[in-house]
Amino acid sequence: MPSFDTVCEPNMVEVRNAVDTSAKEIGTRFDFKGTSAAIELKDKEITLYGDAEFQLTQVEDILRNKLTKRNVDVRFLDIGKVEKIGGDKVKQVVKVREGIATEDAKKITRIIKDSKMKVQASIQGDAVRITGAKRDDLQAAMALLRKEMAELPLSFNNFRD
């Protein structure tokens, strides 16, 4: 039976490249000279540093632009709260989302079941496998998921015929 997996996976190589080019731009921009503005990536967390909240928003804008140029969906970013660190410095932790959360997976299976299509959805770890008798039904399911789950950057892989 034809099937595919619905996943939520960022291209971490491109994320790292975007963070590196953002750090380079922050180091060379005139309005950041002499400030503590910086950006770094550890595992799946991007940390933004600055002197004030407005500076963090500027650093975040640079990061968003670089991610967009590298075709990484900015919906992967889970932006945290601004925290104060020593003196007048602030930082913000941005998590890079990977995998479909359990409640989102349940929502995807509910959407598929409520659509009355001739496909089945099953949760498999941090992915949702969708199987059906015809390829056309699977493509219709992809279109439905893109429309209904617009807040998640879903991608479809492992398409089997």
Check your understanding: Between Asp114 and Arg110, is there a salt bridge with N-O shorter than 4.0 Å?
Key -> yes

Review point. In terms of heavy-atom contacts, does CD of Glu53 have more than 12 from other residues, nucleotides or ligands at under 6.0 Å?
Key: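 12 or below, so no.
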
Distance in Å, [X] [atom1] paired with [Y] [atom2], rounded so as to fall on 0.5 Å steps:
| X | Y | atom1 | atom2 | result |
| --- | --- | --- | --- | --- |
| Arg29 | Thr35 | CZ | OG1 | 10.0 Å |
| Leu63 | Ile46 | CG | CD1 | 5.0 Å |
| Ile100 | Thr6 | CD1 | OG1 | 6.0 Å |

Review point. Between Phe159 and Ser3, is a side chain to side chain contact (heavy atoms under 4.5 Å, CB included) present by the stated rule, with each step listed?
Key: CA-CA 6 Å; Phe159 195 90; Ser3 68; over 6 Å; no

Can you tell if the side chain of [X] reaches within under 4.5 Å of the side chain of [Y], non-hydrogen atoms only?
| X | Y | answer |
| --- | --- | --- |
| Ile79 | Glu60 | yes |
| Ile112 | Ile130 | yes |
| Leu67 | Leu77 | yes |
| Lys42 | Thr47 | no |
| Met117 | Asp137 | no |

Study note, to complete from the structure: Taking every heavy atom of Gln92 against every heavy atom of Gly80, the minimum-distance pair comes out as NE2-O, 3.0 Å

Exercise for review: Please report the shortest heavy-atom distance between Val119 and Ala141, naming the atom on each side.
Suggested key: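 In terms of heavy atoms, the two residues are closest at CG2-CB, 4.4 Å.
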
Review point. Under 3.5 Å, side chain of Gln55 to main-chain N/O of Asp51, donor-acceptor pair present?
Key: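 Answer holds: yes.
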
